[in-house]
Amino acid sequence: MATHSVRPGGPSIKSPLDFADSPLSQAISTQPLLLGVFLNLQDIHVSSQPTTNSWTYDYNLACVQEAERQGFELAFSRMQWLPKGGYDGEASLDAFIALGAMASATKTIHLISTLHVLYGPLHPLHLAKWGATLDHISKGRWGLNIVTGHRVVEHEMFGAPPGGRIEHDQRYSRSSELLDVVKSLWAEDENISYDATEKGNGNTWRLNNAWVSPKPLYGRPVIVNATGSPAGIEFATDQSDIIFITSPGGAHIDSALETLPAHIANIKDIARQKGRDIKTLINPIVVSRDTTEEADAYATAIWKGKPGQENIQSFGQNKHYDSDAQAWKGRKDASHKQGLNIGGNIEIIGSPEQVADQIEALHKIGIDGIQLCFYDFLPDLKHFGEKILPLLKERGLRV
Ligand SMILES: Cc1cc2nc3c(=O)[nH]c(=O)nc-3n(C[C@H](O)[C@H](O)[C@H](O)COP(=O)(O)O)c2cc1C
């Protein structure tokens with residue numbers, strides 16, 4: 001990671017956390033537990049159990065506005081590039097553009113755009129200019145969720161030869177170089193020139209006397225990335241403010257609570273050794289109803305509607321694509337409690353009290369924020385606000 005511009009003698013690179021009045025600093029200093037929503041701008045279904053869900057911009061904006069009304073700090077979306085047949089209903093909006101557009105329809109929530117930085121190739125000057133623009137439109141609430149692409153079909157869609165996915169760890173060194181240059185463009189007080197072909201990382205772009213202005217309002221936009229591998233953790237602790245993690249074990253809450261403490265300690269330790277602090281965010285699906293019995297019945301109904309249970313509908317085709325992701329390798333280990341596999345990276349099922357207990361337990365083991373998804377997104381998010389959020393406030397997890 002470059003702590004200074006890639007231009008020799010260039011200025012130091014500041015983050016939003018270096019500014020006490022940045023929206024990110026304000027959120028972190030006010031809230032014991034960050035709250036986010038993990039949107040789905042894709043027509044992908046887990047189960048035949050009916051929902052109001054929709055991939056459309058309007059539906060997802062309504063979710064973000066409801067989350068903002070409840071005081072949530074973060075919104076971002078899953079983003080995948082799948083060939084025909086990859087989405088259950090064929091539609092998928094671009095998360096970079098959709099979350100950026102929401103900046104003008106919201107006031108306080110952070111909007112984090114997921115972007116595959118290695119498909120393209122993407123020129124760092126484009127990214128620096130887009131980022132500075134969205135930073136100004138959002139007044140420092142826009143951020144970037146950097147994804148490096150773990151599915152071979154996606155690399156192929158962008159022109160790689162069959163099976164020609166960029167090697168796992170090289171994806172992080174390439175992305176790191178790109179981000180060093182983007183951050184430099186945001187920090188610089190002079191034009192910069194840079195030739196990536198000289199560095200041997202596989203990047204092919206060059207900049208001659210490149211300049212971006214206006215500068216972002218608080219040093220740079222918020223940077224997030226999702227990973228579970230050693231190379232990805234090195235990248236995140238160098239480059240990001242927030243690391244989006246999942247259970248190294250199974251999706252069941254017991255397995256998550258058992259395996260996360262060592263994982264979080266390792267991440268925080270690596271960051272500390274670099275003189276950095278990084279916030280951990282995890283993505284549970286919350287399946288809740290007023291009583292335990294009702295919540296269990298709801299979770300069971302979702303599970304029964306999955307393909308291979310009582311019906312034969314085929315959902316979630318994307319799960320079959322070849323991936324070299326390490327973040328979910330615990331899912332293949334039968335010694336971990338795996339849960340129902342009904343969406344979300346971990347599962348929180350129960351009455352409002354039980355959900356609050358599980359969220360509190362996650363916070364106690366070092367989770368700094370939860371990025372929530374729901375089976376029936378908008379009504380379940382409203383249920384969260386009415387029944388669960390007050391309990392989190394009573395317990396001092398939310399102000
Ligand atoms: C919580 C979480 C969310 C993710 N969301 C996305 C996503 O929306 N799009 C995507 O292409 N990859 C996504 N990924 C995959 C990561 O970006 C990464 O490619 C994958 O974890 C492989 O990297 P790793 O081996 O370093 O974990 C996600 C990963 C995690 C852990």
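In this chain, numbering begins with 1 at the start of the sequence shown.
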Please determine, by modelled atom types, if Ser173 and Ser176 share a side-chain donor-acceptor pair under 3.5 angstrom.
-> no
At what distance, to the nearest 0.5 angstrom, does OG1 of Thr148 lie from CD of Gln170?
-> 11.5 Å
CD of Gln65 to OG1 of Thr106: how many Å apart, nearest 0.5 Å?
-> 7.5 Å
Heavy-atom check, side chain of Asn209 versus side chain of Trp211, under 4.5 Å | no
Shared hydrophobic cluster for Tyr375 and Leu41 (ILVMFWY, side-chain gaps under 4.5 Å) = no
May I ask you to decide if Arg395's main-chain N or O and Glu360's side chain share a donor-acceptor pair within less than 3.5 Å?
-> no
Look at the side-chain heavy atoms of Ile, Leu, Val, Met, Phe, Trp and Tyr, link any pair under 4.5 Å apart, and say whether Leu362 and Ile349 land in one connected group.
-> no
Any chance the side chains of Glu294 and Thr291 put a donor and an acceptor closer than 3.5 Å?
-> yes
Over 12 non-hydrogen atoms of neighbours within 6.0 angstrom of NZ in Lys274 = yes
May I have the step-by-step check of salt bridge (charged side-chain N to carboxylate O under 4.0 Å, His left out) for Asp357 and Lys364, ending in yes or no?
-> CA-CA 10 Å; Asp357 287 347; Lys364 279 203 178 118; over 6 Å; no
Correct closest heavy-atom pair for Trp142 and Ser113 would be NE1-OG, 2.9 Å
Find the distance between OG (Ser240) and CG (Leu144) and round it off to the nearest 0.5 Å.
-> 9.0 Å
Kindly say whether Gly131 contributes a backbone atom to a donor-acceptor pair with the side chain of Asp135 at under 3.5 angstrom?
-> no
Backbone N or O of Thr280 within a donor-acceptor pair of the Asp368 side chain at under 3.5 Å?
-> yes
Atom CG of Leu397 and atom CD1 of Ile359: how far apart are they, to the nearest 0.5 Å?
-> 8.0 Å
To the nearest 0.5 Å, how far apart are NZ in Lys306 and OG in Ser48?
-> 11.5 Å
Cluster overlap Met102 with Leu74, hydrophobic side-chain contacts below 4.5 Å | no
Candidate pair Tyr218 and Lys14, rule side chain to side chain contact (heavy atoms under 4.5 Å, CB included), full reasoning = CA-CA 8 Å; Tyr218 304 99; Lys14 291 201 165 54; over 6 Å; no
Between Glu156 (side chain) and Gly163 (backbone), is there a donor-acceptor pair under 3.5 Å?
-> yes
Stepwise side chain to side chain donor-acceptor pair (under 3.5 Å) test for Tyr59 and Thr52 = CA-CA 9 Å; Tyr59 186 86; Thr52 61; 2.8 Å; yes
Is the His150-Trp328 ring centre distance short of 6.0 angstrom?
-> yes
Between Gln358 and Gln354, does any side-chain donor sit less than 3.5 Å from a side-chain acceptor?
-> no
With a 4.5 Å limit on heavy-atom distance, are the side chains of Thr246 and Asn283 in contact?
-> no
Will you find, in the side chains of Thr237 and Arg272, an N or O donor that is under 3.5 Å from an N or O acceptor?
-> no
Do you know the tightest heavy-atom contact between Leu381 and Ala67?
-> CD2-N, 4.0 Å
Can you check whether Val117 reaches Val147 side chain to side chain, under 4.5 Å on heavy atoms?
-> no
Gln80 side chain to Gln42 side chain, donor-acceptor N/O pair below 3.5 angstrom | yes
Check whether any side-chain N or O of Thr108 sits under 3.5 Å from a backbone N or O of Glu68 as a donor-acceptor pair, and report yes or no.
-> no
Gln49 and Asp376: side chain donor to acceptor below 3.5 Å = no
For atom CH2 of Trp205, is the number of surrounding heavy atoms from other residues, nucleotides or ligands below 6.0 Å larger than 12?
-> yes
Establish, from distance only, whether the side-chain atoms of Tyr172 and Thr227 form a donor-acceptor pair under 3.5 Å.
-> yes
Donor-acceptor pair, Ser351 side chain versus Thr292 backbone, under 3.5 Å?
-> no
Is the closest basic N to carboxylate O distance between Arg220 and Asp18 below 4.0 Å?
-> no
Are Glu167 and Arg174 ion-paired here, with the side-chain N under 4.0 Å from a carboxylate O?
-> no
With distance as the sole test, does Ser255 use its side chain to make a donor-acceptor pair with the main-chain N or O of Gly250 at under 3.5 Å?
-> yes
When every non-hydrogen atom of Asn341 is compared with those of Glu347, the smallest separation belongs to N-OE2, 2.7 Å
Is any side-chain heavy atom of Leu372 closer than 4.5 Å to a side-chain heavy atom of Pro284?
-> yes
Any salt bridge between Asp241 and Lys279, counting N to O under 4.0 Å?
-> no
Can a salt bridge be assigned to the pair Asp169 and Arg171 using a cut-off of 4.0 Å between side-chain N and carboxylate O?
-> no
Aromatic ring pairing His123/His126, orientation class (parallel under 30°, perpendicular over 60°, tilted between) | perpendicular
Taking C-beta and beyond as the side chain, do Leu217 and His136 meet within less than 4.5 Å on heavy atoms?
-> yes
I would like to know whether Phe76 and Phe244 meet ring pair (Phe, Tyr, Trp, His ring centres under 6.0 Å); could you show each step before the answer?
-> CA-CA 11 Å; Phe76 48 115; Phe244 196 17; 5.1 Å; yes
Is the shortest distance from a Lys or Arg side-chain nitrogen in Lys183 or Glu188 to a carboxylate oxygen in the other one below 4.0 Å?
-> no
Quick one: do Gln70 and Phe384 satisfy side chain to side chain contact (heavy atoms under 4.5 Å, CB included)? Show the steps, please.
-> CA-CA 9 Å; Gln70 293 183 28; Phe384 180 88; 3.5 Å; yes
Any link between Leu389 and Val37 through a network of hydrophobic side chains (Ile, Leu, Val, Met, Phe, Trp, Tyr) touching at under 4.5 Å?
-> yes
For residues Leu33 and Ile367, report the shortest heavy-atom separation together with the two atoms involved.
-> CD1-O, 3.8 Å
Check whether Ile267 and Ile28 end up in the same hydrophobic cluster, where Ile, Leu, Val, Met, Phe, Trp and Tyr are linked by side-chain heavy atoms less than 4.5 Å apart.
-> no
Minimum side-chain heavy-atom gap Pro11-Arg7 below 4.5 Å = yes
Arg151, Lys329, Arg165 screened by salt bridge (Lys or Arg N to Asp or Glu O under 4.0 Å) with Asp324, the one that passes | Arg165
Under 6.0 Å from the NZ atom of Lys129, do we count more than 12 heavy atoms belonging to anything else shown?
-> yes
Indicate yes or no: at least one non-hydrogen side-chain atom of Phe235 is less than 4.5 angstrom from one of Leu179.
-> yes
Is the Tyr298-Trp303 ring centre distance short of 6.0 angstrom?
-> no
What distance separates Thr114 OG1 from Arg78 CZ, expressed to the nearest 0.5 Å?
-> 11.0 Å
Which heavy atom of Gly219 sits nearest a heavy atom of Phe19, and at what distance?
-> N-CE1, 3.5 Å
For Glu73 against Leu34, the heavy-atom pair lying closest together | OE1-CA, 3.5 Å
Note, Leu127 side chain near Leu115 side chain (heavy atom, < 4.5 Å) | yes
Exercise: do Thr197 and Asp195 side chains pair donor with acceptor under 3.5 Å = yes
Trp81 six-ring centre to Lys84 NZ/CZ under 6.0 Å and within 45° of normal = no
